[in-house]
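Have a look at the structure below, then the notes.
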Amino acid sequence: IIISLMSKFRGCMLGGLIADCLGSPFEGEMFVTTDSVQKFLHKQLEEQSEKSAGFQILSYTDDTAMTKSIAQSLIEMRKFDPKDIAKRFALEYNKEPKRGYGANVVDVFAALMLANYESPYEPAKRQFGGFGSYGNGAAMRVGPCAMYGYNMELNKLLELTRDSARITHSNVYGYNGAILQCLAIHQALHVHSIIRTLFDINVYLNNLIEKMMKIELDSQPAYSMMNNNTTTTANINNNNNSNNGNSNNHTNIIINNHNQEKKIYTPFSDKLKKVKEILNNEIKGNKYPIDKIVACLGNDVSAFKSVPTAIYAALKGQFILFDSFDHPSPIVRTLYHSISFGGDTDTIGSMACSISGAINGIESVPKILLKHCECCDVMEKYADDLFRLVRSNNSPP
Ligand code: F2R
Ligand code: MG
Ligand code: MG
Ligand code: MG
C-alpha cells in the first residue's frame, strides 16, 4: 500500500488532534487501568449520530493550541519567523488561557508580550533560574515544522526546529526532545509504505538513533552544564516527578588518550536504544508489564520522559501484540498504548499519534473519532495548506 503525501500530512495533523482531545481526560492520572481505557475508546468508537443525546465533543488543549499557532505562522509568513510565532503563542494564550498550559510556560508568554516580541528567545532563557524549561511543550507542537521541512536539508530542519523550541524551552533536554519528535515525524512522512515487520522497525529506529547521536555529540557543553548542576531543581535526574529508574544511565564514560575520564551524554539516543530493545523483545513474544515500560521510558511532562515513550507507542501500535487494543487501525492501537501509560496522556498520545498518522495516512484515522474532536476541519485545512506550500516551494528557504 502506497500512501499519498497529502494523506500523510492530514494523518499527522489530525492524529495529533484526536489524541490530544481523547487523551486529555486521563492527563495527570498516575494509574490508568487498561479496562478504563478500553471502555472509554469503545464508547468513542461506537457508531452514533452526532445529534444523539450524550454525543461527546472533546476539547483540545495547549498541545493543539500551540501546534495551530506554528502552522498558521508558517502558512501565512511562508517562512520561519520566531517573532511572529511568539506573538501567536501569547495572543492565543490570552484569548483562551484555560487550555491546560504548563505551569511555567505562561510566564514566558507574559514576558514576550511585555517586550513586544523583540528578542523572542530571551524570556525562555530566564526560566528555572536560567536553566530553561525541559518540559515537553516544545516537542508536542513540532508537527508543522516536520511537514514544512519535508524537503529541507537536514541541518536547516534541525536549526528551524531548535529555534521553534527555544521560544519557550531553552533547556537542552527541552529543545533536543523537540528535535527528536520532529525527526520521528519527518522520517514517518518519508516512509513509503506501512511499517509491517521487525526489520522495518529496526531500520526506522537505527536511522533515528544515528541522527540523534550526532546531534547529542554536538550538545555536550549544554548537557554537561545540566548534569553537573546538582543543587537546583533544574537537574533532570533529580526531578521529583520522575518515576523511572534511569538517573545516570545516560552517561557514558570515555577514557581519552591522556588517561582522563570524559563524560559523554547521549540521553535521548540511549533511550531510543532501550525502545529498540523492548520492541524487539516484544515482537519476538516477550511480555513487558506497563509499569515496567513506564519505569524505563517515563510518562511525565519532561521531554526526556515522554518523547521516547511516544515513539515507542507509535511503533508498537503498528503491530497486533498480546496486549494490543482490539482494533484494525494502528493509530487507535497507538492511542490506546499512550493513554494506558498514564501521566501525560494527552501529550504522549498526541506526539505518538502524529507519528502514526504520518506513517499510515488519514485513512487510518476512524472518521467517528474525528467527529468527537473540536477543530478537526481547521486542522485538516492547515495540513492541506502546508502540503501545498511544500509542493509549490520544493525547498523552502
Ligand atoms: N500542564 C499540563 N497539565 C497539567 C494541568 C492540566 C489540567 N488539565 C489543568 O489545567 O488543570 N499540560 C501541558 O503541560 C505540558 C507541557 O508543558 P510545557 O509547555 O513544557 O510547560 P513548562 O511550564 O515549561 O514545563 C512543565 C513543567 O515541567 C517542570 N519543569 C520544566 N523545566 C524544569 C526545570 N528546568 N526544572 C524543574 N522543573 C522543570 C515544571 O514542573 C514545569 O511546570 C504538557 O503535558 C501539556 O499538555
Ligand atoms: Mg495539553
Ligand atoms: Mg497547566
Ligand atoms: Mg499534557
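Remember, it's 1-based here, ligands and their atoms both numbered in the order they're listed.
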**Q.** Atoms of the protein (N/O/S only) found under 2.8 Å from the Mg ion (ligand 4)
**A.** Glu27 OE2, Asp344 OD1, Asp346 OD1, Thr347 OG1
**Q.** Full working for side chain to side chain contact (heavy atoms under 4.5 Å, CB included) between His169 and Tyr175
**A.** CA-CA 6 Å; His169 292 67; Tyr175 61 72; 5.6 Å; no
Q.
Can you list everything that forms a salt bridge (Lys or Arg N to Asp or Glu O under 4.0 Å) with Lys292? Sequence neighbours excluded, please.
A.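 With neighbours one apart ignored, the set is empty.
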Q: For Asp323, check salt bridge (Lys or Arg N to Asp or Glu O under 4.0 Å) against everything at least two apart and list the hits.
A: Lys316
Q: Examine Lys271 relative to Phe304 and say whether NZ or CZ is less than 6.0 Å from the centre of the six-membered ring and inside a 45° cone about the ring axis.
A: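 Yes, Lys271 sits over the ring of Phe304.
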For the pair [X] and [Y], find out whether any cationic side-chain nitrogen is under 4.0 Å from an anionic carboxylate oxygen.
{"X": "Asp163", "Y": "Arg166", "value": "yes"}
{"X": "Lys125", "Y": "Glu122", "value": "yes"}
{"X": "Lys381", "Y": "Asp385", "value": "yes"}
{"X": "Arg88", "Y": "Glu76", "value": "yes"}

Ignoring hydrogens and angles, write down the donor-acceptor pairs under 3.5 Å from the side chains of residues 357-366, residues two or more places apart or on other chains.
residue, atom, partner, partner atom, Å
Asn360, ND2, Gln318, OE1, 3.1
Asn360, ND2, Ser356, O, 3.0
Asn360, ND2, Ser356, OG, 3.4
Glu363, OE1, Ser7, OG, 2.5
Ser364, OG, Gly361, O, 2.7

Q. Roughly how far, to the nearest 0.5 Å, is CD of Glu46 from NZ of Lys43?
A.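 Taking NZ in Lys43 and CD in Glu46, the distance rounds to 7.5 Å.
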Q.
Checking side-chain polar atoms at under 3.5 Å, does Asn202 have a donor or acceptor matched by the opposite partner on Asn280?
A.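 Distance-only check passes for Asn202 and Asn280.
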Q: Consider only side-chain N and O atoms of Tyr312 and Lys274, and report whether a donor and an acceptor are under 3.5 Å apart.
A: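 Checked: Tyr312/Lys274 side chains show no N/O donor-acceptor pair below 3.5 Å.
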Against heavy atoms of [X], which atoms of ligand 1 measure under 4.0 Å?
{"X": "Asn136", "value": "15 (C), 16 (C), 20 (O), 44 (C), 45 (O)"}
{"X": "Gly102", "value": "1 (N), 13 (C), 14 (O), 17 (O), 21 (O), 23 (O)"}
{"X": "Asp63", "value": "46 (C), 47 (O)"}
{"X": "Gly132", "value": "35 (N)"}
{"X": "Asp62", "value": "13 (C), 14 (O), 46 (C), 47 (O)"}
{"X": "Ala103", "value": "23 (O), 43 (O)"}
{"X": "Asn104", "value": "23 (O), 42 (C), 43 (O)"}
{"X": "Tyr101", "value": "1 (N)"}

Which segment of [X] sits under 4.0 Å of ligand 1 when only heavy atoms are counted:
{"X": "Val301", "result": "side chain"}
{"X": "Val106", "result": "neither"}
{"X": "Gln127", "result": "neither"}
{"X": "Asp346", "result": "side chain"}
{"X": "Val105", "result": "both"}

Can you find an N or O of [X] that's nearer than 3.5 Å to an N or O of ligand 1?
{"X": "Glu27", "result": "yes"}
{"X": "Gly100", "result": "yes"}
{"X": "Asn171", "result": "no"}

(Q) Could you check whether atom CZ of Phe199 has more than 12 heavy atoms from other residues, nucleotides or ligands sitting under 6.0 Å from it? (A) no
Q. Is the ring centre of Tyr101 less than 6.0 Å from the ring centre of Tyr93?
A.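 When the ring centroids of Tyr101 and Tyr93 are compared, they turn out to be within the sub-6.0 Å range.
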Q: Would you please indicate if the ring centroids of Phe80 and Tyr148 are separated by under 6.0 Å?
A: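 Ring centres of Tyr148 and Phe80 not closer than 6.0 Å.
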Can you tell me if [X] has a non-hydrogen atom under 4.0 Å from ligand 1?
{"X": "Ala138", "answer": "no"}
{"X": "His169", "answer": "yes"}
{"X": "Phe131", "answer": "no"}

